[in-house]
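Note sheet for the following structure.
One-based numbering, in listed order, for ligands and for the atoms of each. Heavy-atom basis, side chains included; hydrogens, waters and symmetry copies ignored.
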Amino acid sequence: MTDHQFIEVHGARENNLKNVSLQIPKQSITVFTGVSGSGKSSLVFDTIAAEAQRQLNETFTAFVQGFLPHYGQPDVDQIDHLNAPIIIDQKRVGGGSRSTVGTYTDIAAVLRVLYSRVGQPAAGPAFHFSFNTPQGMCPECEGIGTTTQLRLDRLLDRTKSLNGGAILHPEFKVGKWMWKIYALSGLFDIDRPIQDYSEKELHDFLYGRDLKVSLGEINMTYEGLVERFTRMYLKKDAAAMSERNRAVFEGFTTSQTCPVCHGQRLNAAALACRIGGHNIAELSELEATELIAFLGDLTDPTARTIAARLIERMTHLVEIGLGYLSLGRETATLSGGESQRLKMIRHLGNSLTDMLYILDEPSVGLHARDVARLTGLLRQLRDKGNTVLVVEHDPDVIAVADHVVDIGPGAGTHGGEIVFEGSYAALKTADTLTGRHLAQHMPLKTDVRSPKGWMTVQDATLHNLKGVTVDIPTGVLTVVTGVAGSGKSTLINDVFLAQHPDAVVIDQSRVTANSRSAPATYTGIMDDIRKAFAKASGAPASLFSFNSEGSCPNCNGLGVTYTDLAFMEGFAQTCEVCEGKRFKPEVLEHHLRGKTISDVLDMTVEEALAFFTEKKIRSVVQAMQEVGLGYLTLGQPLSTVSGGEGQRLKLATELHKQGSVYVMDEPTTGLHLSDITLLLGIVGRLVDAGNTVILIEHHLDVIRQADWLIDLGPEGGKGGGEVLYSGPPQGLLDVPRSVTARFLLPA
Ligand code: ADP
Ligand code: ADP
Ligand code: ZN
Ligand code: ZN
């Protein structure tokens, strides 16, 4: 858009940002660093990306704008010389069963061209090879690859009557509209158990059609329960449903591989067409590395031209550490890190220049070996003439920065300032938390704790695991290592956790239960705070809840109101009645040691520690302080808490328990080197208190501090799936096949 050399940000104040101004060089890589909660996302995503989106949307006509998401104006004086943004985050790539690695990257389209040109016997134009078009899809499963049947025994309790709740699906509950269609049809005795229906009645109930019925005023054509359920639910794609809807759906159905296409999704004509003996579905199941080898062997001149294009795109996949994925892999099954890397591939395939690329911790899920490939891709994006902004903690990614912006000095109210701007070389000698930590590395742990007992995983064969049998020690810190795709999550999250459902999983998924959730409610101290207020004031405890009678009726205790507009995200405004205080005025007349309930919810954890004398509250608040959340306020909506902050909040509520097994998948995501020291301290205390901790982790400092390592590999996908080593860290050094071993000693 412009030929200026810098993006200029003036007076940014989103969240904790303290009126910061800065210049960001264009056509360069700028990395934003700082502890978790220092304000990196507030600056990069909530301010720069939001404003870039907003400015871009303003270039469209009002009509088009009506269809775009609404971006409120970030709290910033001015940002000049922005380019059009492309945000590459870790949100999962949605899209249901029909979205695969191949369709998402458009590589599948090129493969279809290959089949339409040189496949034998010829099957016609390229879309006949697409399972997403009527001409190509298997008619039985409509291109999903699985078929689904209703489980009538689950849907119907025949010992009950319609009035007694015989239909078990939540949408058909007594009183709901779906229930009325049957109960008020006049066709059945609604107090008689289904098992006592006559044959005719039962048939009408389940399969009836074309019967005219009237429900009060409404005349309609009756449709039997099975017919309706099939039409409404069975034709839907479970992979595209929300987790909750899918769980309900799976409770009432069984699915199996489609008997017609055997999961290959295409119709017989498309599947009959072959190249070198293989149909397109078979090639879609090969891992990227295998497919590249196959394509490289083609000799037909037409085939070679198209194959060259395919190989180029597929090589990007391999370069970014995704060589173990197949084109047919559904994107819904990819991890956040895998999703983000796939988005990068999609953008590398286009030839856009002068864009503003914004990435959120792209190293997530990557082994130390593969980070070098990632940084190569970042450089490629820059060298095409783009401006690249990256929020990142990994020292090797920080090292490729042309420019570093370090935010701090601390988190929350203790952060929000720019503490360093300059080159990577200058950062290394800067007196900031980031600068100091870049120079330090954890030593390899030798005084390891001894296992107290064992939990065995026997003969695991899921995904790529090759009959893995491994003993996982109890009473120690175990770290599971290996390159991306080697099988770490499959072994721990899928196999181990299925056998040990009592293990506590601490992940970075949102901790929010509803829009009123806050640290005070999540940790359970809100009840005690309310009791303390009741005791001090003589008013009932229930008055001090922002979920019930004491809450401001205008905003229902949210403190904000939302304006909903069609096609746009609603935007929030401070409630004008309570001015964001969430409570009715009479509630705020009551005090505890001089503070109102609203004052208390505005307290940071640190302030709360100084204020509260109540024992239970103190112990929880103390735990929050210990996990480094001293700057959070008790009432901050959990929807605004970052993944790393949420993880530590979960840890804080667990700290006092004993004898449990904790599993964490890449807990260092979003954490600064200094946060990692803090995390290791907390984990160490959990283990010392008699717990077992299992981490899946790439961070070398964490790996070095383990009592026990389980290393998977040697490669990703089919080339992995073996346990290469299980034992104390030192011993891994003697395993030549292990990629991790090469990185184990600090450089
Ligand atoms: P980082 O990206 O460096 O981890 P963030 O920019 O996400 O940090 O957060 C900076 C601070 O602002 C943190 O204390 C966080 O809890 C707080 N914060 C983030 N979003 C919101 C919000 N929408 N409302 C209130 N506080 C927020
Ligand atoms: P890691 O955790 O070490 O990165 P994963 O356990 O995620 O590795 O993956 C191991 C192998 O299993 C890879 O080949 C991956 O593509 C495959 N895989 C993982 N999840 C699924 C899934 N839901 N469906 C099909 N294959 C999967
Ligand atoms: Zn089929
Ligand atoms: Zn209000």
Side-chain angles (χ1 to χ4, degrees), residues 97 100-101 131 136-148 239 256-268 270-271 281 285-290 317 321-338 341 364-367 370 460-466 468 480-496 546 550-561 572-585 587-588 598 665-666 696-698 710-722 739-740:
S97 304
T100 63
V101 170
F131 53 79
M137 65 174 57
C138 163
E140 178 70 18
C141 63
E142 298 183 351
I144 301 283
T146 54
T147 53
T148 307
Q256 54 281 110
T257 305
C258 169
V260 174
C261 67
H262 305 288
Q264 299 196 311
R265 297 173 175 236
L266 293 164
N267 62 31
L271 290 176
E285 290 316 309
L286 294 183
E287 290 182 3
T289 40
E290 298 171 314
L317 274 175
L322 295 178
Y324 57 90
L325 292 182
S326 64
L327 293 183
R329 175 75 172 273
E330 290 177 17
T331 50
T333 66
L334 300 179
S335 69
E338 286 171 332
R341 277 176 271 145
V364 165
L366 274 189
H367 193 276
D370 297 320
T461 54
L462 187 65
H463 300 150
N464 68 335
L465 296 181
K466 294 179 177 149
V468 164
V480 182
T481 56
V483 297
S486 58
K488 302 180 297 295
S489 346
T490 303
L491 179 68
I492 300 301
N493 298 337
D494 299 334
V495 180
F496 174 78
F546 46 69
S551 59
C552 163
N554 187 48
C555 62
N556 293 320
L558 290 173
V560 290
T561 53
Q573 289 158 306
T574 305
C575 170
E576 34 191 59
V577 173
C578 66
E579 293 171 328
K581 293 193 188 332
R582 303 171 172 222
F583 291 92
K584 288 181 186 163
V587 179
L588 301 179
S598 183
D665 193 345
E666 230 181 336
I696 298 175
E697 194 46 77
H698 294 286
I710 296 178
D711 191 47
L712 292 172
E715 289 297 327
K718 287 185 188 144
E722 295 172 53
V739 180
T740 310

Query - Contact check, side chains of Cys552 and Cys575, non-hydrogen atoms, under 4.5 Å - result: yes
**Report entry** Side-chain heavy atoms of Asn554 within contact of Thr561, under 4.5 Å
**Finding:** yes
Query raised in the report: Which atom names give the shortest non-hydrogen contact between Gly487 and Leu465, and what distance separates them?
Result: O-CD2, 3.9 Å
Report task. Please list, by chain and number, the protein residues whose heavy atoms come under 4.0 Å of ligand 2. Result -> Tyr324, Leu325, Arg329, Thr333, His463, Asn464, Val483, Ala484, Gly485, Ser486, Gly487, Lys488, Ser489, Thr490, Gly717
**Report entry** Side chain Glu666, main chain Gly365, donor-acceptor under 3.5 Å
**Finding:** yes
Report task. Taking the side chain as every heavy atom from C-beta outward, state whether Leu491 and Ile696 have any pair of such atoms under 4.5 Å apart. Result -> no
Query raised in the report: Any donor and acceptor pair, going by atom type alone, linking the side chain of Asp370 with main-chain N or O of Val483 inside 3.5 Å?
Result: no
Report task. Look up atom SG in Cys141 and atom CD in Gln256, then write down how far apart they are to the nearest 0.5 Å. Result -> 11.5 Å
Requested in this report: Indicate yes or no for a side-chain donor-acceptor contact from Lys488 to the backbone of Gly482 under 3.5 Å, with no hydrogens or angles considered.
Outcome: yes
Query raised in the report: Is any protein N, O or S atom closer than 2.8 Å to the Zn ion (ligand 4), and if so, which?
Result: Cys552 SG, Cys555 SG, Cys575 SG, Cys578 SG
Query raised in the report: Less than 4.5 Å apart, any side-chain heavy atom of Leu712 and any of Val480?
Result: yes
**Report entry** Residue-atom pairs from the protein, N, O or S only, that lie under 2.8 Å from the Zn ion (ligand 3)
**Finding:** Cys138 SG, Cys141 SG, Cys258 SG, Cys261 SG
Query raised in the report: Within the side chain of Lys466, is there an N or O that forms a donor-acceptor pair under 3.5 Å with the backbone of Gly720?
Result: yes
**Report entry** Side-chain heavy-atom pair Leu266, Cys261 within 4.5 angstrom cut-off
**Finding:** no
Query raised in the report: By ring-ring contact (aromatic ring centres under 6.0 Å, His included), which residues pair with His463, not counting sequence neighbours?
Result: none
Query raised in the report: Do Leu366 and His698 come close enough that some side-chain heavy atom pair is under 4.5 Å?
Result: no
